[in-house]
Amino acid sequence: MNNTEISRIFEEVGDLLEIQGANSFRVRAYRMAARTIGDHPEQMADLFAANPRQLEEISGIGKDLAAKIKTILETSELPQLTELRLEVPAGVADMLRIDGMGPKKTAALWKELGILDLDMLKAACESGQVAGLKGFGEKTAKKILEGLAHVAESGMRHDLAEAKFLSDSIVDALQLVPGVHQVSAAGSVRRRKETIGDLDVLVTADDSTAAMDCLGTHPLVEKVLARGETKQRVRLRGGMEMDLRVVPAESYGAALQYFTGSKEHNIMTRRRAAEMGLKINEYGVFRGETSIAGRTEEEVYQAIGLPYIPPELREDRGEIQRAEKGTLPKLLELADMQGDLHMHTTATDGTASIREMIDAARQRGLKYIAITDHSKRVSMANGLDADRLRAHWKEIEVIRAEYTDIQVLRGIECDILEDATMDLPDDVLAEADWVIAVLHYGLKQPKDQIMARLMTAIRNPHVSVLGHLTGRYLGKRPRAPAAMDLKEVLKAAADHGVMIEINAHPSRLDIDDLGAAAARDLGIPIVISTDAHATTGFDVMQFGVFQARRAGLEARHVANAQEWTTFKSLLRSNR
DNA sequence: GCCGTTTTCGGCCCGACTGTTTTCAGTCG
């Protein structure tokens, strides 16, 4: 059982307990544990094998949950969940996914009307049964029917690029509204999470009406779901939902801090405030009735004795403790990026020539790049065999000689084949300036085989970096990461001087933030690459930088944030 | 179910909006 599977078990226990009306803090404990385990950089199985007591040392895991993890690891199941499933029919928990439905309503529909799944729910709404139930009414029944229509997409997360585009568009529109002063995206978009559930935008205004009217009539908005004095919720075209909050200027910082989250980070800041005899809400920091801070986020953090914490770090992953000790990182910036080391040309599946890619890179101020077309295994992209690759490199040599302000490396994105050999012979790889080793095929192979393949690449003396390591895909058709022992892979990479890529494409962002942090802790240089297939492909670098910031990386941790001469000394061929 | 520099018991973040109610419960973030 891996962490994801254990996490799902606790998540389901939480849902079922909640429907049963269990103590909400108990429910929260299961949900917190599910999240903690799902996010944990090390496998519970490994921790347990090393020392069973380690589980209890994880914050949010006590004696009871540690014992349950042990049971799951040993028997692949949890008797408590088996029992809960007998008590709560399988389709009932699905009702929780409907917007506006929580545990109380779900339990009422199940117990009072005998509704067991979403189909029965739909029928009961249409027949008027739901509207007649105590505590329900016409509007609730209608809202449930609407919610049912959106249930598939409501739980769906969208990639950061799409979410940021929508959020920026609305922010830009609100900025033009007379009487609106400050406008900012908040929520997980501001924290630069790799996928986004819904959007938050915050404004300060003399009067909320104009801002809300602007949003309500914006061409991207499909429907206004709720509107009050200070808060409006809308559904955008494409299915995402957005909250707009209007606050007074003196509360802007407190509101921005509050609505940026994460929820877990806010619980920690509020708890800290309470310990200091203060109270934080979205209007400010209060001692008794008196507001002592709130105009800026800096003020809010200062009031609880902390320096400003960048949004990307606000996940309750130790940032509060680091802030307290004054050891917060000075996060990488987009402007730090000096080079880009993963891109394609018309030689394989890119749309621009070598020269066009070099020119586009220069326009963006890059000082060095690597041209890394596909190797032959990727036949659908017209991947290069040894002969074509050597000819391609010759062409690069001729063209790069024309430029004095940018270094151009002759690279290759070489597949690690299903049988754990490299797609190109060693003597060819030896001639490259830069070799990215990647898994494209056979991602569903068993863990042992995936590990064998990765070890082949890591031990190969010519491999510079592992590209999009896990092969996961976050797009409309998500693809799970390949099975691997990440800790072991990173350790081997560290031992052999192989770098790790953060692929900046918004559907990849692979390796992820926690993985990048783990690599950094092992002293592995991180490379952030766009994997550009066109001249516009360079523009996704920002998303790679966001992911690096979430990992807490500084410029010194990122190989291609270094000056060319420094970067050159990091190249494996120089060792 | 977790947790502890006032605590091993008694807390656990906090406010807005909606709908169904006549003063509030449920849901959400």
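So that the names make sense, note that chain A is the first sequence line, chain B the second, and so on, each numbered from 1.
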J.: With sequence neighbours excluded, what pairs up with A:H505 under the ring-ring contact (aromatic ring centres under 6.0 Å, His included) test?
T.: none
J.: Is A:K142 touching bases, backbone alone, or none of the nucleic acid, heavy atoms closer than 4.0 Å?
T.: nothing
J.: Using the salt bridge (Lys or Arg N to Asp or Glu O under 4.0 Å) criterion, which residues pair with A:E250? Sequence neighbours excluded.
T.: none
J.: Provide, to the nearest angstrom, the distance between the CZ atom belonging to A:R271 and the P atom belonging to B:dT5.
T.: 12 Å
J.: Take atom P in B:dT6 and the same atom in B:dC2, then report the distance between them in whole Å.
T.: 24 Å
J.: Would you kindly give the CD-to-P distance between A:E275 and B:dC3, to the nearest whole Å?
T.: 14 Å
J.: Output all residues satisfying salt bridge (Lys or Arg N to Asp or Glu O under 4.0 Å) with A:E12, sequence neighbours left out; order by chain, then residue number.
T.: A:R85
J.: Syn or anti for B:dT7, with syn set at within 90° of 0?
T.: syn
J.: Please report the distance separating the C1' of B:dC17 from the corresponding atom of B:dC12, rounded so that it comes out in whole Å.
T.: 24 Å
J.: What pairs with A:T106 under side-chain contact (heavy atoms from CB on, under 4.5 Å), at least two apart in sequence or on another chain?
T.: A:I19, A:V92, A:M95, A:L96, A:M101
J.: Over how many whole Å does the gap from A:L202 atom CG to B:dA16 atom P extend?
T.: 14 Å
J.: Round to a whole Å and report the spacing from CZ of A:R227 to P of B:dT18.
T.: 10 Å
J.: How close or far is atom C1' of B:dC12 from atom CE of A:M268, stated in whole angstroms?
T.: 12 Å
J.: Report the residues that fulfil side-chain contact (heavy atoms from CB on, under 4.5 Å) with A:R31, sequence neighbours left out, ordered by chain and then residue number.
T.: A:E11, A:D15, A:E18, A:V27
J.: Between B:dT21 and B:dA25, how far is it from one C1' atom to the other, in whole Å?
T.: 9 Å
J.: Using a cut-off of 4.0 Å on non-hydrogen atoms, how would the nucleic acid contact of A:T269 be classed: base, sugar-phosphate, or nothing?
T.: nothing
J.: Go through the structure and list residues passing side-chain contact (heavy atoms from CB on, under 4.5 Å) with A:D117, not counting sequence neighbours.
T.: A:D119, A:M120
J.: Does the side chain of A:S59 get closer than 4.0 angstrom to OP1 or OP2 of B:dC2 through an N or O atom?
T.: no
J.: Sort out the partner of B:dT8 for me: Watson-Crick or G-U wobble, both distances under 3.5 Å, none otherwise.
T.: none
J.: Residues of residues 292-320 of chain A with any non-hydrogen atom less than 4.0 angstrom from an atom of DNA chain B: list those, numerically ordered, please.
T.: none
J.: Would a distance-only check, ignoring hydrogens and angles, find a side-chain to backbone donor-acceptor pair under 3.5 Å from A:R314 to A:R191?
T.: no
J.: Distance check needed: B:dG11 C1' versus A:R270 CZ, whole Å only.
T.: 17 Å
J.: Mind checking if A:N266 touches a base, just sugar-phosphate, or nothing, with heavy atoms under 4.0 Å?
T.: nothing
J.: What does nucleotides 20-29 of chain B look like as a protein-contact string, B for base, S for sugar-phosphate only, - for none, at under 4.0 angstrom between heavy atoms?
T.: SS----SSSB
J.: Around atom CZ of A:R237, are there more than 12 heavy atoms from other residues, nucleotides or ligands closer than 6.0 Å?
T.: yes
J.: Expressed as a whole number of angstroms, how long is the span from A:K143:NZ to B:dG19:P?
T.: 6 Å
J.: Can you list every side-chain hydrogen bond (donor to acceptor under 3.5 Å, both in side chains) pair that touches residues 59-79 of chain A, not counting sequence neighbours?
T.: A:Y30-A:K68, A:D64-A:K68, A:K68-A:Q80
J.: For atom CD of A:E138, is the number of surrounding heavy atoms from other residues, nucleotides or ligands below 6.0 Å larger than 12?
T.: no
J.: Between A:I58 and A:M212, just flag the one whose closest nucleotide in DNA chain B comes earlier from the 5' side.
T.: A:I58
J.: Is the shortest distance from a Lys or Arg side-chain nitrogen in A:R272 or A:E324 to a carboxylate oxygen in the other one below 4.0 Å?
T.: yes
J.: With sequence neighbours excluded, tell me which residues meet side-chain contact (heavy atoms from CB on, under 4.5 Å) with A:N266.
T.: A:Q257, A:Y258, A:T269
J.: For residues 13-38 of chain A, which residues have at least one heavy atom under 4.0 Å from DNA chain B?
T.: A:N23, A:F25, A:R26, A:R28, A:A29, A:Y30
J.: Apply side-chain hydrogen bond (donor to acceptor under 3.5 Å, both in side chains) to A:R192 and list each qualifying residue two or more places apart in sequence or on a separate chain.
T.: none
J.: In whole angstroms, how far is the P atom of B:dC14 from the CZ atom of A:F286?
T.: 12 Å
